[in-house]
Number of protein chains: 2
Amino acid sequence: MPTIYEVAAAAGVSPATVSRVFNGANVSPEKAEAVRKAAKALAFTPSRTARTLRLQSSEVIALVIPDIENPFFTALARGVEDVARAAGYSVVLCNTDEDHDTELRYLDVALSANMAGVIIAAAGGNSDLSGLIARKCPVVAVDRSPHGVDVDAVIVDNRAGGRAATQALVEQGFQRIACITGPSDVETATQRADGWRDAVTAARPTDDRYLRYADFRVEGGAAAMSELLALPEPPDAVFVANNLMSVGALRVLSEQGKLPPATGVAVFGDLPFLPLVPIPITVVHMPARHLGTTAAKLLLERITGDDQPARTIVLRNQLTPVG
Amino acid sequence: MPTIYEVAAAAGVSPATVSRVFNGANVSPEKAEAVRKAAKALAFTPSRTARTLRLQSSEVIALVIPDIENPFFTALARGVEDVARAAGYSVVLCNTDEDHDTELRYLDVALSANMAGVIIAAAGGNSDLSGLIARKCPVVAVDRSPHGVDVDAVIVDNRAGGRAATQALVEQGFQRIACITGPSDVETATQRADGWRDAVTAARPTDDRYLRYADFRVEGGAAAMSELLALPEPPDAVFVANNLMSVGALRVLSEQGKLPPATGVAVFGDLPFLPLVPIPITVVHMPARHLGTTAAKLLLERITGDDQPARTIVLRNQLTPVG
DNA sequence: ATGAAAGCGCTAACAC
DNA sequence: GTGTTAGCGCTTTCAT
């Protein structure tokens, strides 16, 4: 890799002038031209590493997510990317696999690589953002807002969504409505379950035998559904708290010949294949991409020095009735 | 961010000793302990930026993919990640959106950020890997092998897969078998179409009215399917060359009340929701994760100096008959 | 407008 | 075993 020194030599100018050309500073047209020619001839690309070291900051933002195989998070990532790229930033995707140590390691990387900021959908439990905050590294939480930390957040109203979804099942006349939610240490999971409880309690006393904490993954959803169906008095409907688990749950229902409408099903999150299958399911739509674009905009504001108190933005998630 | 100098001062040693402690070189136990204590007290994290500049290489590998919202590529990414992380490397995911300029920009970033290597599923057309190769940056191509470039590649036998899938439709007795494939400048797309042609030609003269080049995306698949069904003599079966397009195609078939078994459908790629829907479809399974792990292993070998001629590894993709 | 030179934080000779 | 020091390639004062 050629350096500015070699370009400078080839163009008959000083390294400083080369740097100026590549940073849009004032340089006489002739010298600028000479530099550009030399640079092209040598296939020179400025070292981001050196630049970052000198500037103590790079134009890269980290997007930390718990599951890269969940289409919700990849859609969110697209949103982040779109606005980040438009602003000249690159996005590096960090998949924590819902693991705390991995998450912490990535946050460390973000810091020690002088990244411009971090957007994080926190892994379960209370994520440790103290390092970032102590170093004043801009952060915005998305989808999940880390417990008791004062950072910008972009979320949806999980409880209201859970309530609305469950309410729909109630109105369809189901009597024993179960809930399959995510890990008990993930905020979005407990909130959605709270929403379920809200709606169910209104009808009859809540029965926690019908509540299952799973893992937000396909197999977890399947296992939970199997357990529920094996109950002495199995549920006649289920609210599933995310997209992936609902695939597992539906698979089990299918295997046992109990697909909707035999069983009532409401899901928090989008199911892209739903139009294909003639199954009546209530869906709470997640504005995944919008969460991403909003978070990215917030982060960019912080990066450019915005210093107002932390904001929390709640995006609407729309209920699509049985269809 | 504290530096080794501050840690050194706090521990009463030289910066070099601090560096040695963090790099496992020989240091007396007492000093090592003092350094560790000081480092912890200051919450010191070594600057990767500085380290990378000094070493002219970082433990980061770039994974360049054309569509982050395609589960095939995210599964592949998981495979890459698993292997890379186990070897102490971080993976940064770069989404090109099937765009050449974006791709080139990311390759530039990889180079100028001193990344250890690149795994690339090339965007359509002939990707320009010359920069990487000139700089001897380790590269391995995955899923798609860039045209006329001598690099390691991990792929599947697209033509054989397309042939087998189509053959299955032939054997089911379909007469007019259409093909919806990807962009004509993407190798995997044309190869899968070639496989289709192989199988169809054996039965009757190929009819290119039944061949559609789409975009490997849901809406492209839907549009192509609509066009095909609007033909004077519409096909009675279709081979769809990737997972996403098949979702679109199936949606259109569903809308027109022509879902399988009324229409024969064979798909190249996995459809996670298939167990849910009682639709008989022939599927050519893609070993997505395996492609990723294999590519990562190859790349790691190259990074550690392996210098043998470029290899191409062809992974088997299994045909799952109608179910 | 341009060049000289210092320094971002780290590692690796090289001395001792 | 440990300290001193010279860079890695860039940006940016400070002179001129």
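Order of the sequence lines fixes the chain letters, A, B, ..., with proteins taken first and strands second; residue numbering starts at 1 for each chain.
The interatomic distance linking A/Arg54 (CZ) with C/dA6 (P) rounds to 13 Å, in whole Å. Residue A/Leu42 contributes atom CG, which lies 14 Å from atom P of D/dG9 at whole-angstrom precision. B/Glu6 has its CD atom 11 Å from the P atom of C/dC8, to the nearest Å. Summarising the geometry, the separation between CG on A/Asn114 and C1' on C/dC8 is reported as 9 Å, rounded to the nearest angstrom. Between the CD1 atom of A/Ile4 and the P atom of D/dT12 there is a distance of 11 Å, given to the nearest Å. The distance between atom CD of A/Glu30 and atom C1' of C/dT2, rounded to the nearest whole Å, is 13 Å. Straight-line distance from the CG atom of A/Leu55 to the C1' atom of D/dT12: 10 Å, rounded to whole Å. Taking atom CZ of A/Arg48 as the reference point, atom P of D/dT11 lies 11 Å away to the nearest angstrom.
There is no side-chain donor-acceptor pair under 3.5 Å between A/Ser58 and A/Asn114. Neither side chain, B/Ser90 nor B/Glu59, offers a donor N or O lying under 3.5 Å from an acceptor on the other. In this model, a donor atom of one side chain and an acceptor atom of the other lie less than 3.5 Å apart for B/Asn23 and B/Arg51.
Shortest non-hydrogen contact noted between A/Pro309 and A/Arg302 is O-NH2, 3.2 Å.
Among the nucleotides C/dG3, C/dC10, D/dC10, the one closest to the side chain of A/Ala50 is D/dC10.
With a 4.5 Å cut-off on side-chain heavy atoms, A/Asp143 and A/Met286 count as touching. The shortest distance between side-chain heavy atoms of B/Arg217 and B/Asp67 falls below 4.5 Å. For the pair A/Leu76 and A/Leu63, the minimum side-chain heavy-atom distance is below 4.5 Å.
For A/Tyr5 and D/dC10, a side-chain-to-base donor-acceptor distance below 3.5 Å is present, hydrogens and geometry of angles not being considered.
Nucleic acid contact class of B/Leu53 (heavy atoms, under 4.0 Å, all strands): base.
For B/Ser28, a side-chain nitrogen or oxygen approaches OP1 or OP2 of D/dT2 to under 4.0 Å. When the side-chain nitrogen and oxygen atoms of A/Gln56 are compared with OP1 and OP2 of C/dG9, one or more of them lie within a distance under 4.0 Å.
Looking at residues 13-27 of chain B, you'll see B/Ala16, B/Ser19, B/Arg20, B/Asn23 sit with a heavy atom under 4.0 Å from some atom of DNA chain C.
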